Amino acid sequence: MGIDPNFRTARQVVEEHEGHKVYGPVEAPKTLGIHGTIVGVDFDICNADGSCITACPVNVFQWFDTPGHPVSEKKADPINEQACIFCMACVNVCPVAAIDVKPP
Ligand code: SF4
């Protein structure tokens, strides 16, 4: 199952990271929540495939190390979500449907 497209209202913001919100629950290192609002990445689904980083034309993502997470030990962090041009390339290439993009 992929990211919940209703996470912006269904989940609570529990912290900020690199200028974006983090939607809980968060219980590091095993549960990391969803990073970003415009470009949401479910860190608990992300498997560090990296296709989104390659596909994004405006460099929204940057690797973030997550040692001890059961799925993968790094995640595509949407540090630059404000730059998103809504091309949906990342959504389309993600093999595990970890990304949901919604214009503000
Ligand atoms: S929708 Fe396009 S511009 Fe926005 S983060 Fe994804 S790949 Fe980058």
Side-chain angles (χ1 to χ4, degrees):
M1 201 174 71
I3 185 172
D4 176 6
N6 298 316
F7 76 89
R8 296 169 187 84
T9 51
R11 292 185 178 215
Q12 287 191 340
V13 175
V14 293
E15 57 189 71
E16 299 250 334
H17 178 249
E18 297 281 351
H20 57 257
K21 291 174 178 167
V22 179
Y23 297 81
V26 171
E27 212 169 313
K30 296 194 181 303
T31 305
L32 299 173
I34 295 176
H35 279 236
T37 301
I38 300 168
V39 180
V41 179
D42 193 325
F43 273 23
D44 295 309
I45 296 174
C46 175
N47 67 353
D49 174 79
S51 295
C52 58
I53 292 181
T54 306
C56 182
V58 292
N59 298 318
V60 162
F61 306 98
Q62 187 177 77
W63 286 122
F64 177 65
D65 288 331
T66 57
H69 190 268
V71 177
S72 62
E73 299 212 320
K74 62 179 181 177
K75 307 293 178 183
D77 198 15
I79 58 154
N80 199 19
E81 66 172 3
Q82 303 290 345
C84 180
I85 56 171
F86 313 110
C87 70
M88 299 301 167
C90 59
V91 173
N92 292 328
V93 296
C94 180
V96 290
I99 308 173
D100 187 79
V101 173
K102 191 177 175 197

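Sequential numbering from 1 along the given sequence is applied to the chain's residues. Everything numeric in this text was worked out from a predicted model, so none of it was measured.
- Of all the heavy atoms in P29 and P67, the pair that sits closest is CB-O, 3.5 Å.
- You'll find the side chain of T66 reaches within 4.5 Å of the side chain of L32, heavy atoms only.
- The minimum heavy-atom distance between V39 and P78, with the atom names listed, is O-CG, 3.4 Å.
- The CD1 atom of I85 lies 10.5 Å from the CE atom of M88; values are rounded to the nearest 0.5 Å.
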Residue pair S51, I53: steps toward the side-chain contact (heavy atoms from CB on, under 4.5 Å) verdict: CA-CA 5 Å; S51 295; I53 292 181; over 6 Å; no

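- Side-chain N or O atoms of D77 include none that pairs as donor or acceptor with a backbone N or O of Q62 at under 3.5 Å.
- Here the straight-line distance linking atom OH of Y23 with atom CG of D4 works out to 12.0 Å at 0.5 Å rounding.
- Contact record, F7 with G36: CE1-O, 3.5 Å, taken as the closest heavy-atom pair.
- Between the side chain of E18 and the backbone N or O of I79 there is no donor-acceptor pair closer than 3.5 Å.
- Here R8 pairs with D100 in a salt bridge; the nearest charged N to carboxylate O distance falls below 4.0 Å.
- To the nearest 0.5 Å, the span separating CD1 on I3 from CD1 on I99 amounts to 8.0 Å.
- Between atom CZ of residue F43 and atom CD1 of residue I34 there is a gap of 10.5 Å, rounded to the nearest 0.5 Å.
- To the nearest 0.5 Å, atoms CZ (F61) and SG (C52) are separated by 4.5 Å.
- Of the possible polar contacts, none joining the T37 side chain to the K21 backbone as a donor-acceptor pair under 3.5 Å is found.
- Nearest heavy-atom pair, S72 versus C46, reported as atom, atom and distance to 0.1 Å: OG-O, 3.1 Å.
- Both V60 and V101 sit in one connected hydrophobic cluster of ILVMFWY residues. Membership requires side-chain heavy atoms under 4.5 Å apart, directly or through other members.
- For the residue pair H69 / K74, no side-chain donor-acceptor distance below 3.5 Å is found, with atom types taken as modelled.
- Counting all heavy atoms, side chain and backbone alike, F86 lies closest to P104 at CZ-CD, 3.8 Å.
- Hydrophobic clustering of Ile, Leu, Val, Met, Phe, Trp and Tyr side chains at less than 4.5 Å, counting indirect connections, unites V91 with I38.
- Aromatic ring centres of H17 and F64 lie closer together than 6.0 Å.
- Taking every heavy atom of both residues into account, P95 and N47 meet most closely at CG-OD1, 4.3 Å.
- With D44 contributing its side chain and G33 its backbone, the two residues share a donor-acceptor pair below 3.5 Å.
- Within 6.0 Å of atom CD in E15, more than 12 heavy atoms from other residues, nucleotides or ligands are found, so the atom counts as buried in its surroundings.
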Derivation and outcome, side-chain contact (heavy atoms from CB on, under 4.5 Å), residues E16 and V22: CA-CA 6 Å; E16 299 250 334; V22 179; over 6 Å; no

